[in-house]
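Chain letters run A, B, ... following the sequence lines, proteins first and then strands; every chain starts at 1.
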Amino acid sequence: AGGGTTEPGASGSAGASGGAAKTDATITFIPKQLNNPYTDVVLGGGKEGAKAAGFATTNVVGPLEASASSQVTFINAETQAGTNAIVIAANDPDAVCSALAEARTAGAKIVAFDSDTNPDCRDVFISQVVAKDVALIQTKLIAQQIGGKGEIAILSATANATNQNEWIKFMEEDLASNPEYKDIKLVAKVYGDDDDAKSFQEAQGLLQAHPNLKGIISPTTVGIAATARYLSTSEYKGKVALTGLGLPNEMRSFVKDGTVTEFALWDPAQLGEVSAYAAKALVDGTITGKAGDKFTAGALGERTVEDGGLVIVGPPTVFNKENIDKYDF
Amino acid sequence: MQHSTVYENALALSLHGAMKTFGPVVALADGTIELRAGEIMALCGENGAGKSTLVKILAGVHAPDTGEFIVAGQHCSFKSVADSKAMGVSVIYQEPTLFPDLSVAENIFIGRQPKNRLGLIDHGRMRKNAATLFERLGVPMDPARRAEGLSIADQQLIEIAKAISLDAKILVMDEPTAALSGVEVDRLFKVARSLRDAGAAILFISHRFNEVMDLSNRITVMRDGRYIDTHLTRDVTVERIVRDMVGRDVDTLFPKTEAALGETVLAVDKLGRKGVFSNISFEVRAGEIVALAGLVGAGRTEVARAIFGIDKRDAGSVTVAGKALPPGNPQAAITSGIGFVPEDRRKQGLVMDLSVARNTALTLRHKFSRFGLIDGRAEKRTAATWSRKLQVKTSSMDQAVSTLSGGNQQKVVLAKWLATEPKVLIIDEPTRGIDVGTKSEVHRLINELAGHGMAILMISSELPEVLGMADRVLVMHEGLITAQLDRNEATPESVMYAATASQEKNS
Amino acid sequence: MSSPSHGTLNRAPASKGLGPHTSGLGAFLKLRELPVTVALVALVIITTIANPLFLSPQGMKDLMLNATIMMLLAAGQTMVIVTRNIDLSVGSILGLVAFGTGTIFSSMPNMPIPLVLLIGIAFGAVLGAFNGLLTVWAKVPSLVITLGTLYVFRGLNNAWAGPKQHFAGDRPEAFGNLSVDTVLGMPIITLLAVIVVIILAIFMSGARQGRDLYAIGSDPEAAKLFGINVSRRVFTAFLINGSLAGLAGVLYASRFNAVGATTGSGLELDVVAAAVVGGVAIFGGSGTVIGAAIGAILLNTITSSLTALRVDKFWQQAIVGVLIITAILIDRLASLRHAKNLREKEGRNV
Amino acid sequence: MSESATATVDTSQALSGTQDVRGPRWYTGRDAIMVYILVVFLLYAMITIPRFATPVTTGFLLLDVIPTLLIAMPMTLIIITGEIDLSVASIAGLSSAVLGVMWAGGANIWVSMAIALFVGLLAGIFNGVLIAFVGLPSLAVTIGTLALFRGLALVVIGDNAVANFPKEITAFASSKIGTTGIPVMVIPVLVVVVFFGLLLHKTAFGRGLYAMGYSKDAAHFVGINEGRSKFWLYVASGLVSASAGIFWTLRYTSARSDNASGLELTVIAAVLLGGVSIFGGKGSVPGVLAGVLLIGSLNYALRLGRVSDVVLVTVTGLLLIASVIAPSISSAISTWRHDQKLRRQLSDEATATAVN
Ligand SMILES: Nc1ncnc2c1ncn2[C@@H]1O[C@H](COP(=O)(O)OP(=O)(O)OP(=O)(O)O)[C@@H](O)[C@H]1O
Ligand SMILES: Nc1ncnc2c1ncn2[C@@H]1O[C@H](COP(=O)(O)OP(=O)(O)OP(=O)(O)O)[C@@H](O)[C@H]1O
Ligand SMILES: [Mg+2]
Ligand SMILES: [Mg+2]
């Protein structure tokens, strides 16, 4: 035991004998928090992927509440159990680091998915989409919906969520640099902590504090649903635009009643699936996580590890009245 | 007292052979009592004889293990307080049981408040009814006031009003006079007699024999949890009753011995507390017993509290053995040699759930510390020594004081203060609710302490005690000292005059 | 009684000016609810001046809706606190009932709404009864029991719901509209809550059983000696509190989008805080349902108004904390002053 | 009338065998029972849960319980005086935030830690003044400061997280003593536990706390300065909570405003489970130690067995309920048995006299 983090090189030596597929490998998923519908879809894909990729046992463990430190004991227990691959969506990029380092010292491969850890602490990060793409699609949607001008606000999840903050950063850059958006003004960023009631009241507060608000971006499934619920039950329905990242099943009624016109998301199941395949490739020694490594994610085809150990799953989909009934997640 | 036929009156209630145990403690072995309509029965017995336990059985608080109950000619059993109430039994307990957050009126009528047409409580009528009751008792009290902060005497008066308002067929009073002064006692007796004449049966418990002899028609005596005998009051002497109670003869009640007076130990100068008392000055010398007399509410307890530092003082100074005492600091008072036996042992004197040993040693916790850590064996030893000296009836040093009888609890309080070997001992109502045997023992003890050079300030509402014990009597009235009487000047008349004659105030 | 005047207690000057009829204004000024009400009114006025939107129809509606659930919970909690007990499990009860409501509608979308309300109340009552039973039967402190059931009920909710959440879209529109449509300018669920609170307030101040609760909290031992059926009354308080939490759970499902395993977690301390701000003494014996309800409104309003005033959101929680402490301080100072007055008025002229 | 007196049964003889009233022995006391339960559980876990009986477990388990254990110490004393401190987790969060901001602002790490501790001290003083000197009810005050201190943490650090603490220090926070698997941090924690244990059980101050818990008036009359005692307890609580916050920050290498949130209920649950009476006046440090370790090892055992947290939450609740109900049940049973015995003896004697 010891040091804060291990150098990336160390993981190579601890890896299994190169190339030969392990048949008794174990994999454990540690989502941000159990009992979250989005997570559930991701994990559904993950479990199927793990089976298809050849893991002998698949486990899902995780905290009931998404606080920074709550994942650490789970990682510890997995380290002790000798799990071969840990797939984690970090609540805090750094809080889990030393625990992950210990897991790696004990021989586990670490795949971050959904929300990245500090890059030093994992082998690869499976990202839904290119972070910038996600950000741009949301600014584009909101711009369309408010007619290219007016005040907008962002309702995010927790203040520290790595993925959220990265998207928000890109959105802000985009709004500042893109001449098409010069009349759009971002007036507030608020956090609903991925809690339905809290997000609901944050949305309400936004509208009261900013009477001229034209649109809201909520890049989190809980936030967008709660905001939609508030809008649909208030006088702002149809007057204030809402977009962001949502689950079609949660958003269907709001799209149909006109509260929301368009929103985006990738296929969460694919995210889980690719993560499982990446984990298997790491355990087998097929890849080490350096840029240029390639692995096959079953039916989803070949994926390449990019700079910084990044693996991209696929482009986001935009959902609206026309296509939403085709999706079931 | 023309009630010669009283024992032929209808039997209102009888209890035979009631037994009550608390775990291994036998609180009552043979509780037997017979109450007839239109009589006042007194119940006498030493501390721990089981009187209060018997009362609680009559009240339905405790279910007896065995025993036979007959009320109005019918066998019955009280499973709850409501059962006994339904049978017309009303009880004033030894310790007042008021609800401090409720108004005085509501305290009296709780559970049976008058209702208006809507079925809701009629607060106005309730207050009016309460005011009527107080008028009948002759006490000025605001029925709308919250009961919080009332003196024990006032609380007891409310209890009495409550019991009377129930128009009970059977009224049980467990030491109702312990907190009352002469005038209030007289008033209570007047009410009790009129209730009796209206046909109620009254059970009255008191340790004061003059009250017992004055009020009762018959007297039942208990000892060690058993029934001993019942006498007609007019046929019996106090000596006989005392013999029944203790099983032996008791000599003088107040064995006052002369002690040589030494230096001034406690000096109080122009002490004042706004709205409560002012200009209180006196001295107590080593070996001297000074009694602070007065009517209930005269401010005696408040003076003592201010001296000891429980309450802040607004003016004046207190000096112990030549050293000025800082205000509002009881620990400093203890360190400089004051001990204070408070009037309410249950709330102020004891930590009820702690053992006898811990309670006794609580005042000495710093003395038993070695390098900051307490020596538990020395603590127990000291506690045992003092408990033995005071003859506390307890099965072990580890028994919780809550399971002792009132008198034995008082002994533990005394033990805990005597263990500090104080220079000055303030005793507020030293024998409140204490039986004769213990009482004379407490008096002997106080004398002995004075004999050893302790300065003693005694607050007492019992005139005989004051006159019998004190070297000097200070009389308070309405927050002022109205008289300083030497032992030979102090007579019941002179004390009462100073305690009541407000027009003579000239200090 | 006309005994000689020198023989009486001579406390005549004491009760002067303190007759049974205290003046109306005086009584009003002594109301424990007064400070919190003044604070609420002042807050609303100041906020409205700064941001007129605050009292727009939508703003009003939101304010009322926000306070509705907390108001019910605080009123119920008051009943329990007055008896010198506490119920920390209300958040978990609310969660279970809210999820139950979602479940009912997703499997039986046509269930009549009043029936669902009754089922929710009954469900809450059962859970509250469980708390009450344990507290009175085992004679153990309710803080420990309900801290235990806080965990147990939450655990059950997690086990039952798992990752499943029910969304507003699964519920009948009419049900959701309870928190949208207004009657007399009040959203229906708010109206419901207000009626419940008023009934409870009348019960607590005007019914013997209600007064018994105060007596119990004032001195439980005395209440027992007096023959009040303490167990039954305390049990009832828990039961009613549970029912109100149940009702709040159903209303929660009407108003919010998602109900699931974590719905309502962490509410308990907010509820207690609302009661305390509303002047309910934490050790029982005093405080009113109305006060608690106003406390709940105040706590909810302060969050809204800080947002409306665009106060940095990082400061908001700190300000709520300061408010709670101020409320207790004011209450304390008032009672100290009252005690001092009593000493000086009832005491003598020395 | 005298007939009835002779007819009654002489129960003092019947009961002479049970006349001896003693306080509970140390090995039958509430805290001893907690220790037994803990030992039994540990043995059970070692046998049935694979990998539980290893030094690694010790390390992870102890690291997990350190914050709870630390805060549980002053909390025990506070609850024994009949008060409570709900703001502990918020103080930990505030000290974490302060530590992060100071460090990120360029202060020396030791200076930052000292300032974080100092903030904890101030927080404790704030609670202490309001509760001990102004005389406000602690439950209400600390619900307020629970919000206030957490709010201040937010004000201080906002939505940032500070993570780049010096590696040596964060590594030290979770390092182990040699190969024993026991974290180094256990040593200072042990010092704290022993300190509070002695303070409570072996000093005049501690005696005073019990007395205060039972009756404020009685404590006042024996010269216990209630206000001052309570004040120092809250100061201690603030300091220890801040230390727990610092440990938390370093162990998880992350200073955030929401660190340790919700920990107050866990701590209180553990303390109550350890046999401390919520009404004050009863409880012991060994009992609390056992309570904290029981919840901690239960937690870790469930993790190792990959049992969901749902079970942990439920079991914690049930344990808590059981811990207060069990004594009631056992005393009810013993009363019942005593009564039965008494009845039997009485009826035996009754038949005996009847035969005569
Ligand atoms: N709840 C209890 N648990 C255990 N023992 C008790 C309990 N209540 C009373 N006792 C014991 O029963 C015995 C009788 O007590 P009780 O209070 O009836 O005496 P009493 O005659 O009223 O005395 P006093 O004159 O001092 O008030 C005492 O030894 C007392 O210690
Ligand atoms: N908390 C209080 N609030 C208002 N008045 C009080 C309070 N305590 C005492 N008093 C009043 O102060 C006066 C002095 O009371 P105190 O108890 O000192 O009298 P005392 O002479 O010691 O009588 P007792 O025999 O009852 O001990 C009384 O008039 C009493 O009513
Ligand atoms: Mg008695
Ligand atoms: Mg007095």
Side-chain angles (χ1 to χ4, degrees), chain B residues 16-17 19 21 23-26 29-30 32 34 65-66 68 220 224-230 308-310 329-335 340 342 344 346-355 358-359 361-363 365-369 372-374 376 394-400 403 416-417, chain D residues 1-25 198-199 201-208 210-228 277 279-282 331 334-335 338-339 341-343 346-347 350:
Chain B
H16 281 272
M19 177 159 93
T21 58
V25 179
V26 184
D30 167 24
T32 294
E34 213 173 59
D65 300 328
T66 61
E68 200 184 356
T220 293
D224 294 337
R226 5 187 113 253
Y227 170 84
I228 300 296
D229 206 350
T230 302
F308 193 63
I310 302 283
N329 187 345
Q331 183 58 53
I334 295 172
T335 317
F340 187 176
D344 185 345
R346 199 169 64 136
K347 293 214 176 90
Q348 303 166 333
L350 294 168
V351 180
M352 295 303 274
D353 289 348
L354 276 191
S355 68
R358 289 260 169 118
N359 264 296
L362 209 50
T363 44
R365 59 198 192 289
H366 291 293
K367 203 185 117 190
F368 293 127
S369 298
L373 301 184
I374 286 183
T394 166
S395 53
S396 99
M397 284 290 103
D398 294 327
Q399 193 177 346
T403 60
K416 107 177 177 183
W417 284 110
Chain D
M1 285 227 71
S2 53
E3 278 172 18
S4 62
T6 48
T8 53
V9 191
D10 187 347
T11 51
S12 62
Q13 262 173 18
L15 291 168
S16 57
T18 54
Q19 202 61 34
D20 195 28
V21 189
R22 291 238 167 76
R25 297 291 186 180
L198 287 179
L199 186 65
H201 296 295
K202 288 283 162 196
T203 65
F205 181 83
R207 279 295 146 76
Y210 283 102
M212 265 150 62
Y214 278 116
S215 151
K216 291 181 188 353
D217 253 3
H220 208 176
F221 269 92
V222 290
I224 292 165
N225 192 327
E226 197 198 345
R228 205 159 49 195
S277 159
F279 294 141
K282 279 193 201 106
S331 87
S334 73
T335 312
H338 175 260
D339 286 358
K341 191 172 149 205
L342 194 66
R343 295 254 151 69
L346 289 172
S347 64

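Ring-plane geometry between D:F221 and B:F340 is classed as perpendicular, the angle between the planes exceeding 60 degrees on a 0 to 90 degree scale with a lower cut at 30.
In this structure, the side chains of D:N225 and B:Q331 stay at 4.5 Å or more apart for every pair of heavy atoms.
Closest non-hydrogen pair, D:A218 versus B:L350, comes out as CB-O, 3.3 Å. In terms of heavy-atom proximity, D:G223 sits nearest to B:P330 at CA-CB, 3.8 Å.
Taking CG from B:N359 and OH from D:Y214, the interatomic distance works out to 10.0 Å, rounded to the nearest 0.5 Å. The CG atom of B:L373 sits 9.5 Å away from the CG atom of D:L199 when rounded to the nearest 0.5 Å.
In this structure, the portions of D:I224 lying under 4.5 Å from any heavy atom of chain B include both its backbone and its side chain. For B:T335, no part lies near chain D; criterion is any non-hydrogen pair under 4.5 Å. For B:I310, the parts sitting under 4.5 Å from any heavy atom of chain D are the backbone and the side chain alike.
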